[in-house]
Amino acid sequence: MKVDRRSFLGLGLGAVAGIAISPVGAKLTDDSSIWTQNWPWTPVPPDGKISYDHSVCSLCPGTCGITVRKIDGRPVKIEGRDTYPVNNGGACLHGIAGLQYLYDPCRVTTPLKKINDRFEPISWKEAIALAAGHLGRIRKNDQAHTLACITDTDQGSVAGLFSHFMTAFGSPNHFVMPTLESWLALTAQTLHGKGYTLGFDLENADFILSFGAGILEGWGSPVACFKANSSRKQRKAKLYQIEHRLSTTAAAADRWIPVTPGTEADLAMAMCGVLLTENLFDSEFAAGFKGGFNRFNAMVQQKYPVEKVAAATGISAADIKKIAIAFARAKMPVAIPGKGRGDGAQSLKEFAAVHTLNCLTGNVNKKGGTFIKPVHDYLAFPDPVLDTAAKDGFGKAKLGASVQEMVTNINQSADPLVTALFVYNANPCYTLNDPSQTRAAFEKIPFVVSFSSFMDETAMASDLILPVSTFLERLEDVPSRAGLANSVVGLTRPVLDPVFDTRSAGDTVIQLAKTLGGDMARSFAWNNYRACLEDVAAGVWEDLSGNGYALLAEGPPTDSVETSFAFLSDNPQTIYPQGDYALTLVPIDNMRLPGTVPAASPFAIKTVSDRVLKGKDVCVEINPDTANGLTDGGFATLTTPTGSARVRVNFNEGIMPGVIGMVKGLGHTFDNKYVAGKGVNIHELISPVIEPGSGLDAACGTTAAISKA
Amino acid sequence: MDAALIPEGAKRCSFPKFMLGIAIVGAVLLWGVYAMLLCWFKGLNQTNMNDYYGFALWIWADLAVIAIGGGAFFTGLLKYIFKVDELKNIINFAVIIGFICYSSALLILAIDIGQPLRGWFIFWHANVHSMLTEVAFCLSCYFAVLTIEFIPNILENRQLNKVPFFHHLAHNMHGVMAIFAATGAFLSFFHQGSLGGVAGVLYGRPFAVREGLLIWPWTFFLFTWSAAAFGPCFTLLVTRITEAVTGKKLVKDNVVHLLAKISGWMICTYIIAKIIDTIYWATVTAPGIGFEMSHFYTNNSFYGYWILVTEIVICGVIPGILLINKSTRENPTLRLLAIILAVIGVCLNRWVMVLQVVAVPVMSFDTWALYIPSWQEVATTILPVAYGIILIAVTYRYLPVFPQELELNKSKAQES
Amino acid sequence: MIQDKKAHKYGMVIDLDKCTGCGSCTVSCMSENNIPFKEDESDKKDSITWMRVYKLTNGKSFPDTQITYLPRPCQHCGGKGDHGHSPCVSVCPATATDYGYDTGIVSQIYTRCFGCRYCMVSCPYHARYFNWWDPIWPEGMEKYLSPNVSPRMRGVVEKCSFCYHRYQLAREKAYYDGTHEIAEDAYQTACTTACPAGAIIFGDLNNPSHKVHQIVKPDPHPDPLNRDVVGKSRNPKVFRLLERLGTNPKVYYMSEREWVRKLGDNYLDGEWEKVKNHYGAASHE
Ligand SMILES: Nc1nc2c(c(=O)[nH]1)N[C@H]1C(S)=C(S)[C@@H](COP(=O)(O)OP(=O)(O)OC[C@H]3O[C@@H](n4cnc5c(=O)[nH]c(N)nc54)[C@H](O)[C@@H]3O)O[C@H]1N2
Ligand SMILES: Nc1nc2c(c(=O)[nH]1)N[C@H]1C(S)=C(S)[C@@H](COP(=O)(O)OP(=O)(O)OC[C@H]3O[C@@H](n4cnc5c(=O)[nH]c(N)nc54)[C@H](O)[C@@H]3O)O[C@H]1N2
Ligand code: SF4
Ligand code: SF4
Ligand code: SF4
Ligand code: SF4
Ligand code: SF4
Ligand SMILES: [Mo]
C-alpha cells in the first residue's frame with residue numbers, strides 16, 4: 001500500500017482518537033494518582049492489637065508515671081499515667097517524645113572500644129574482660145582508690161550498685177553530679193544533719209516565694225510543679241518570683257521581682273533580718289535552733305542591712321521589707337531555692353539562706369509547708385565483703401567534695417590521681433562549667449569507661465563504652481527526687497526488648513564484679529540485676545511490681561528535727577559573677593531543652609522557638625536598653641573571661657538591663673544532625689568557682705561583653 | 001531551506017539566523033524545563049514557598065498571564081460579536097497570544113501543585129463552592145476554545161492549506177468562529193472573574209476579602225473588567241515588539257488606534273470602579289473587622305503605599321488618560337508608554353491580590369511574611385516567556401498571522 | 001456500625017492563665033499523629049506543628065513586660081453563620097477537606113489533596129501545613145509510628161484533626177459497649193491528655209453536661225453586632241481568635257488578663273474599650 005500524506009495523516013488522527021476514547025488514558029491517569037497515594041518510601045505503620053504498659057519515666061529526676069501504648073508489642077505512644085502519685089496524668093514533652101530515644105541516631109548500639117581515637121565495636125564478653133583486666137591490675141598494684149566513679153544520683157539501686165562496687169573495690173571516690181536533689185540534701189544536711197532532704201508542699205502552700213526557682217521551667221518534678229501551679233491559680237495562692245528575667249514562672253507569678261543575678265543569697269539573708277527585727281518569726285521553732293540564734297541574728301543585722309542589700313539587688317528597701325513581711329504573714333508560706341531547674345552550679349549559701357526563711361516562719365513539717373524529710377532508704381544492700389585492698393583504698397581521702405573539685409585536682413596534680421573512671425548517666429564533659437577542664441582531666445585518666453545509651457560528649461571522651469538500655473528497655477527502681485512533698489519510688493519496666501545490643505548498667509556492674517572474681521565476686525552474689533533488685537528492694541517489691549510504684553511517705557514528716565545555724569552564722573562568702581566585664585551572662589533554663597542527660601529529642605528541638613535557636617545559631621536575650629548598637633536578630637560576639645562565641649541577638653524587654661541570657665542545652669558536638677551542632681554550650685563560657693563550705697561550683701553566671709559581629 | 005513553508009510573498013530572515021535565535025531562546029527554555037523537572041521529581045521544596053506563602057510567584061504569574069491574555073477573548077468579542085471589523089487584522093495574533101498565555105497558565109499550574117498526578121481531582125472531586133473549581137473548569141474549556149480558534153490559522157499554512165480537507169476545514173471554521181468567540185467570551189468572563197473571586201472570597205484574609213453580588217465578590221467583576229481592559233494593551237505591546245524585532249510594520253495604525261482607544265476607555269472605567277472598591281474596602285470592609293488601612297501598608301520593608309499608588313495612579317489612571325486622549329494615543333512614544341504602564345499595572349494588581357494578601361499579618365500577634373523566590377521558581381516562570389517567544393517566532397514565520405503584512409511591506413518587497 | 005448520629009460540636013477551651021508554654025501538647029500531637037521532623041526546624045514557616053504554641057507579650061518595656069503562651073491547634077471553624085463553610089473547606093477545589101456536620105470537625109483527606117494550597121491561603125490562623133518534603137525518619141525510627149494515622153506523602157496539606165481517629169475509636173467502642181453514646185472522657189485529644197497543666201479542656205460544645213459547654217456557655221444566636229458570628233461565649237473571660245472575621249472557631253481561649261483577651265482580635269483605636277464587655281447575650285440563657 002502506498003502511504004501518501006493523506007492516509008498517513010488519517011491513520012495518525014485515527015490512532016490519536018482511538019487512544020483518546022479507549023480506557024487506556026483514564027486507567028493510566030487513575031493508576032498514577034493511586035501510585036502517589038502509596039509511595040513505597042512513605043511508611044505504612046502496620047496495624048495490630050493495642051495494649052498498654054505502665055512504667056516510669058526516668059529522663060529527668062521528675063519520675064513521672066507513664067503509659068505506653070503498643071501495637072502488637074511495638075510501642076507507639078507515651079502518655080502520662082493517670083492516678084500516679086507524682087504526675088497524676090500528663091507528662092512533659094521529653095517523656096512524651098521518649099520513643100525517639102530508642103531509635104536516636106546517636107545511640108550506642110554495641111560495646112565500643114577506642115583504638116587510635118576511633119571506636120571499634122567489640123563483643124560484651126571482650127568488653128567486660130577488657131574492663132576487668134584494667135581494674136584487676138589497678139587493684140593488684142594497690143591503686144584501688146584511683147578508680148573514680150561519677151553517677152547522676154546516689155539514689156536507687158543502680159547508683160547503689162555502683163556505690164557497692166566502689167566500696168568493695170576500695171575507692172572512696174564516688175561522685176554525684178549536682179542536681180536539685182543533691183543541693184537540697186546538702187542544704188538539709190548542713191542545717192539539720194545527715195540523712196535529711198527537703199520537700200515542698202507546693203500543692204497546698206498559699207504563698208510561694210521563689211528565689212528564681214523555675215517551677216515552670218523544669219525545677220523539681222516538672223509535671224508535679226505544673227499541676228501545683230494550676231491548682232495555685234485556682235486556689236488563688238500567691239507566687240512571687242524573684243528573678244533577673246521574665247521567665248515563664250515569673251510571667252505566671254502574681255509578682256515578678258527582678259533581681260541582680262548573683263545577689264539572691266544576700267536578699268534572702270536580708271529578708272531573714274527583716275523577719276527577725278519585725279519579730280515575725282516562729283518563737284517555738286527559734287527555741288530549737290542550735291548553733292547560736294543570737295549570733296546569727298547579730299550577723300544578719302550587721303552584714304545584711306536592708307538598705308545595703310537594696311543597692312546590691314536592685315530591689316528597693318521598702319519592697320524587700322514588704323515582700324518579707326507578706327511572706328511571713330501568709331498562712332502557709334514556702335520559700336524555694338534553686339535557680340532555674342536548680343541543678344548545675346548553685347550556691348549552698350543561697351539554699352541555706354532561703355531555707356532559713358522557711359525555718360523562721362515555722363511553716364515546717366506542716367501541710368502547705370517545707371518538709372524536712374528523712375532520705376527514705378528502702379534499699380537494703382548487704383555489707384560488701386572487704387578485703388585488704390578494699391579496706392586500704394576506701395580509707396583514703398576523697399579527691400574533693402564534688403566532681404568539679406575532682407576535675408580541678410586531677411588537672412593540678414602531677415601524679416595520676418585517677419587511673420580509671422566510670423561515668424554512668426552523666427555528661428560532665430558537657431554540663432560542667434568550662435567543660436574543657438573536664439575533657440583535659442579525662443585526657444589524663446588512662447581508662448575511662450562510659451555507661452551510656454548515647455554517643456554524647458562524655459562517651460566520646462571515654463576509652464570504653466558499655467552501652468546502657470534506655471528507660472524503655474530496662475528495669476530500674478526510680479525514687480522520686482527533686483523537692484516533692486511525697487516520697488515515692490517507681491518502677492521503670494522494659495516495655496520492649498532492647499532494640500540494640502545494650503544492657504542495664506546494673507547487669508553490667510554485676511558482671512564486671514563477677515569477672516574480677518575473689519571478694520569482689522562475693523559482694524555481688526546476685527545472678528543478675530533483676531535478682532539484685534528483688535533482693536535489695538524486698539521491702540517494697542510487692543508494691544513496686546504490682547502497682548508500679550510504692551509510696552514511701554506521704555504528708556508532713558512527723559519526726560522533729562534540729563536546726564543549726566553554724567554554717568550561715570559564719571557568713572560564708574557570696575559568689576558573684578566573676579570577671580571585669582560590664583554585663584552579666586546567665587544561663588536560661590528552658591523547659592523544651594534538657595540541660596543534662598539525655599540531650600534533647602528531635603521533637604523537643606523542633607519545639608524550640610526561633611527566638612532561641614535560628615538555623616545553627618543560638619540567640620541570646622538582651623534588653624534593648626543594654627543593646628548598644630546591636631540589632632534584633634543580628635549577629636554579635638559574646639565575650640567572657642572564659643571564652644567567646646558568635647551569637648545572634650534577641651531583644652527581650654523581659655530581661656533586666658545589664659543581663660545577657662543564654663539558653664542551656666544547645667551546642668552539643670556529637671553526631672546527630674537533628675540535635676547537635678546547633679548553637680553554643682553556655683558552659684564553655686563560664687568558669688567554675690568553688691564555693692567555700694560546699695566544695696561545689698557556684699558560678700551561676702559570669703561577667704560578659706557583647707559587640708556587633 | 002524552509003521556503004516552501006513560508007507564506008507566499010512574505011519576507012523572512014534566513015533559516016540559519018532564525019535557528020540561531022530559536023537556539024538562544026531555547027537554551028532559556030531548557031533551563032526552565034530543568035527547573036520544572038526538579039520541582040516535579042524533588043517536590044516543591046525546590047521553591048522558597050512556605051506555609052505562610054502558600055501562593056507565591058507562580059500563582060501571580062498564572063493570574064498575570066491570564067489577565068494579559070485577556071486580549072484574546074476581548075478582541076474576539078469585539079470582532080465577532082460586536083462586529084468591529086478592523087480588528088480582523090489583529091485577531092489572529094491576539095488568539096496566538098491568548099493561546100500562549102493560557103497554555104502557560106496550565107503548565108504553571110501543573111508545576112505549582114504538590115501532587116501533579118492528582119491534578120484531575122479538581123474535576124473528579126469538584127467542590128462547587130470553590131472559586132478554584134470554577135477557574136479550573138472555565139480555564140480548561142476556554143483553552144479548548146482558544147485551540148479551536150487557533151486551528152484555522154495553522155491550517156492556513158502554505159503546505160497544509162494545499163490539502164483540500166484542511167483548506168475547507170479552515171474555511172468552515174472561520175464561518176462558525178462567532179460561536180466559539182461567544183463561548184470564549186462567556187467562559188472568560190467566568191474564569192477571569194473567578195480568579196478574582198479566589199482572592200475576594202477569602203474572608204479570613206482582610207486584605208483580599210470583598211463584599212459583592214450574590215456569591216461573587218467585587219473582585220470577580222474587577223478581574224474580568226481589568227483583563228478586558230488591559231489584555232488588548234498586551235496584544236498591542238507584543239505586536240509592537242514583533243514589529244521592532246522583524247523591522248516591519250505589521251498592523252495598520254488605524255487598527256492599533258482603535259484597539260488602543262477601546263482599551264483606554266475600558267481602563268478608565270475599570271480604574272474608577274477599582275478606586276471606588278478600594279475606598280469602600282479601606283473605609284468600610286476592613287475597619288469593620290478591626291483593621292486600619294495603614295495596617296496593610298506599613299511596618300514592613302516592601303509593601304508600602306507606593307504599591308497602591310503605582311498600581312492605581314501611575315499604571316492605571318495615567319495610561320487610561322493617555323489612551324482615551326486622541327493626541328497622546330496617536331503619538332507612538334506616548335502610546336507605547338501607556339501600554340507598557342498598563343501591562344505593568346494589571347500585573348501589579350495580580351501581584352498584590354496574591355502575594356500581599358498572604359504577606360499581611362492577620363492575627364494581632366502575627367508578623368509580616370516576606371519571601372524571595374528561588375531560582376527554580378524564577379526559571380519556571382521565565383519558561384513560558386521563552387516558550388511564547390518561540391511559538392510567536394514559529395507562527396510568524398510559517399503562518400499568515402498578520403493579514404496586512406504584505407500590503408504594508410509591498411514597496412519594500414518589490415524594491416528588492 | 002455508624003450509630004451515634006447526634007450532631008456533636010467538638011471544641012476546646014484553653015486556659016491561657018494555666019498554660020505554661022511547655023510544648024507537651026505540641027509533642028504529644030506530633031507523636032500521636034506521626035508528624036515528621038527534619039534537620040532544621042527553626043524556620044517556623046515550614047515546620048509542621050499542628051499544635052503551635054505562640055509566645056506573646058503585652059508589648060510593654062521592662063519591668064512592665066508580661067508574656068503569655070497561646071497554643072493554636074486548627075480552630076475547626078464553623079464558617080460564617082456557623083453553617084460549615086469554614087474558610088478552608090469552602091475553597092478546597094477537590095473536596096479534600098470537609099466539614100463534619102455530625103462532629104463539627106474539619107477533616108483533611110490526604111490522599112485526595114492535590115496540593116494546591118488554596119486552603120492554606122484561606123486560613124488566617126496558619127493552622128495548615130504543607131508537606132514540602134517527603135517525610136523521612138532516621139533509620140529504625142519509623143517503628144514507633146502509629147497505625148491509627150497514616151503518614152502523609154510529600155505534596156499534600158495537613159493539619160490538626162482533633163485527633164479524629166480517637167473519635168472513631170471512641171465511637172466504635174461505644175457501639176461495642178452498646179451505649180451508642182460517646183462519653184466525655186472516652187474521646188479526648190492527645191494534646192488535652194498530655195497537658196501537664198490541665199490547661200486544655202475538650203468536649204462537645206453542644207452537650208450541657210460537658211465541661212467545655214459549661215465554661216464557654218456558647219450563645220447559639222448570632223451576635224447582634226456581627227451576624228456572621230455565632231456561638232460567642234457568654235463567659236466574659238472567654239474569647240476566640242479573630243472572632244470578628246466570622247470564622248466561628250470551636251477553639252476558645254480563657255484568661256483573666258484583659259491584655260491577653262485583647263490580643264485575640266484586631267481592634268481600631270479605642271474600639272476595644274467599647275466592645276470589651278460585650279459577650280454572648282445573657283438574655284439568651
Ligand atoms: N460519620 C461517618 N459516616 C460515614 C463514615 C464515616 O467514617 N463517618 N464512613 C462512610 C463509609 S466509608 C461507609 S462504607 C459507610 C458505611 O455505612 P453502612 O453501610 O451503614 O455500614 P455499617 O453500619 O457498617 O453496616 C450496615 C448494616 O449492615 C449490617 N450487616 C452486616 N452484615 C450483613 C449481611 O451479611 N447482610 C445484611 N443484610 N446486613 C449485614 C450491619 O449489621 C449494619 O446494620 O458509612 C459512611 N458514613
Ligand atoms: N475498624 C474498622 N475498619 C474498617 C471500617 C470500619 O468501619 N471500622 N470500615 C472499612 C471501610 S468501609 C473503609 S471505607 C475503610 C476506610 O479506611 P481508611 O481509608 O483507612 O479510612 P479511615 O480509617 O477512616 O481514615 C484514614 C486515616 O485518616 C486519618 N484522618 C486524619 N484526619 C482525618 C480527618 O479529619 N477525617 C478522617 N476521616 N480521617 C482522618 C484517620 O485518623 C485515619 O488514620 O476502612 C475499612 N475498615
Ligand atoms: S517531667 Fe521528667 S520524668 Fe516527667 S515525663 Fe518529663 S522527663 Fe519524664
Ligand atoms: S501542654 Fe498545656 S501547658 Fe503545655 S504548652 Fe500545651 S497547653 Fe500549654
Ligand atoms: S483554623 Fe484554618 S484550617 Fe482550621 S478550620 Fe479554620 S480555616 Fe480551616
Ligand atoms: S491543598 Fe489540598 S486540601 Fe488544600 S485546597 Fe488544595 S486540594 Fe484542597
Ligand atoms: S487535637 Fe489532636 S490533632 Fe489537634 S492539636 Fe491536639 S493532638 Fe494535635
Ligand atoms: Mo467505606
Undergrad: So which of Thr111(C), Val157(C), Leu70(C) has the largest heavy-atom pair count under 4.5 angstrom toward chain B?
TA: Thr111(C)
Undergrad: For Leu263(C), which atoms come within 4.5 Å of any heavy atom of chain B: side chain, backbone, both, or neither?
TA: both
Undergrad: Okay, side chain of Asn127(B), backbone of Cys92(C): is any donor-acceptor separation there less than 3.5 Å?
TA: yes
Undergrad: Mind listing the closest non-hydrogen atom pair of Gly264(C) and Ser364(B) along with its distance?
TA: N-OG, 4.5 Å
Undergrad: For the candidates Leu242(C), Asp46(C), Asp265(C), which exhibits the highest count of non-hydrogen atom pairs separated by less than 4.5 Å from chain B?
TA: Leu242(C)
Undergrad: Output the residues of residues 245-255 of chain C for which the shortest heavy-atom distance to chain B is under 4.5 Å, in residue-number order; output 'none' if no such residue exists.
TA: Leu245(C), Gly246(C), Thr247(C)
Undergrad: For Val89(C), is it the side chain, the backbone, both or neither that has a heavy atom under 4.5 Å from a heavy atom of chain B?
TA: backbone
Undergrad: Kindly check if the number of other-residue, nucleotide or ligand heavy atoms within 6.0 Å of NZ (Lys60(C)) is above 12?
TA: no
Undergrad: Would you please test Met120(C) and Val358(B) for side chain to side chain contact (heavy atoms under 4.5 Å, CB included) and show each step?
TA: CA-CA 10 Å; Met120(C) 282 167 53; Val358(B) 292; over 6 Å; no
Undergrad: Can you list every pair that meets salt bridge (charged side-chain N to carboxylate O under 4.0 Å, His left out) and has a residue in residues 194-210 of chain B, with sequence neighbours left out?
TA: Arg210(B)-Asp277(B)
Undergrad: Identify which part of Cys116(C) has an atom lying under 4.5 Å from any heavy atom of chain B, answering side chain, backbone, both or neither.
TA: both
Undergrad: Could you have a look at Tyr267(C), Tyr118(C), Trp272(C) and say which one has the most heavy-atom pairs with chain B under 4.5 angstrom?
TA: Tyr118(C)
Undergrad: Check the pair Met363(B) / Leu241(C) against side chain to side chain contact (heavy atoms under 4.5 Å, CB included), numbers first and verdict last.
TA: CA-CA 8 Å; Met363(B) 289 188 286; Leu241(C) 283 184; 4.1 Å; yes
Undergrad: What residues of residues 33-42 of chain B sit under 4.5 Å from chain C when only non-hydrogen atoms are counted?
TA: Trp40(B), Phe41(B), Lys42(B)
Undergrad: Using non-hydrogen atoms only, which part of Ser47(C) is less than 4.5 Å away from chain B: side chain, backbone, both, or neither?
TA: backbone
Undergrad: Could you tell me which portion of Arg128(C) (side chain, backbone, both or neither) has an atom closer than 4.5 angstrom to a non-hydrogen atom of chain B?
TA: backbone
Undergrad: Can you tell which of Cys123(C), Cys119(C), Cys113(C) has the highest number of heavy-atom pairs within less than 4.5 Å of chain B?
TA: Cys113(C)
Undergrad: Can you tell which part of Leu268(C) gets under 4.5 Å to a heavy atom of chain B, answering side chain, backbone, both or neither?
TA: both
Undergrad: Checking Tyr54(C) against chain B: side chain, backbone, both or neither under 4.5 Å from a heavy atom?
TA: side chain
Undergrad: Can you say whether Thr97(C) sits under 4.5 Å from chain B via the side chain, the backbone, both, or neither, judging by heavy atoms?
TA: neither
Undergrad: Under a plain distance cut-off of 3.5 Å, with no hydrogens placed, do Trp132(C) and Asn50(B) share a side-chain donor-acceptor pair?
TA: no
Undergrad: Looking at every heavy atom in both Gly290(B) and Arg244(C), which two are closest together, and how far apart are they?
TA: CA-NH1, 3.2 Å
Undergrad: In terms of heavy-atom proximity below 4.5 Å to chain B, should Asn131(C) be classed as side chain, backbone, both, or neither?
TA: neither
Undergrad: Is NZ or CZ of Lys80(C) both nearer than 6.0 Å to the six-membered ring centre of Tyr203(B) and within 45° of the ring axis?
TA: yes
Undergrad: We want to know whether Asn266(C) and His295(B) form a side-chain donor-acceptor pair, criterion being a heavy-atom distance below 3.5 angstrom.
TA: no
Undergrad: Need one label for Val209(B): side chain, backbone, both or neither, based on atoms under 4.5 Å from any heavy atom in chain C.
TA: neither
Undergrad: Test: side chain to side chain donor-acceptor pair (under 3.5 Å). Region: residues 106-119 of chain B. Which pairs qualify, not counting sequence neighbours?
TA: Thr36(A)-Arg118(B), Asp112(B)-Arg117(C)
Undergrad: Heavy-atom pairs under 4.5 Å with chain C - which of Val357(B), Val201(B), Asp366(B) has more of them than the others?
TA: Asp366(B)
Undergrad: Please classify the contact between Leu202(B) and chain C as side chain, backbone, both or neither, with a heavy-atom cut-off of under 4.5 Å.
TA: side chain
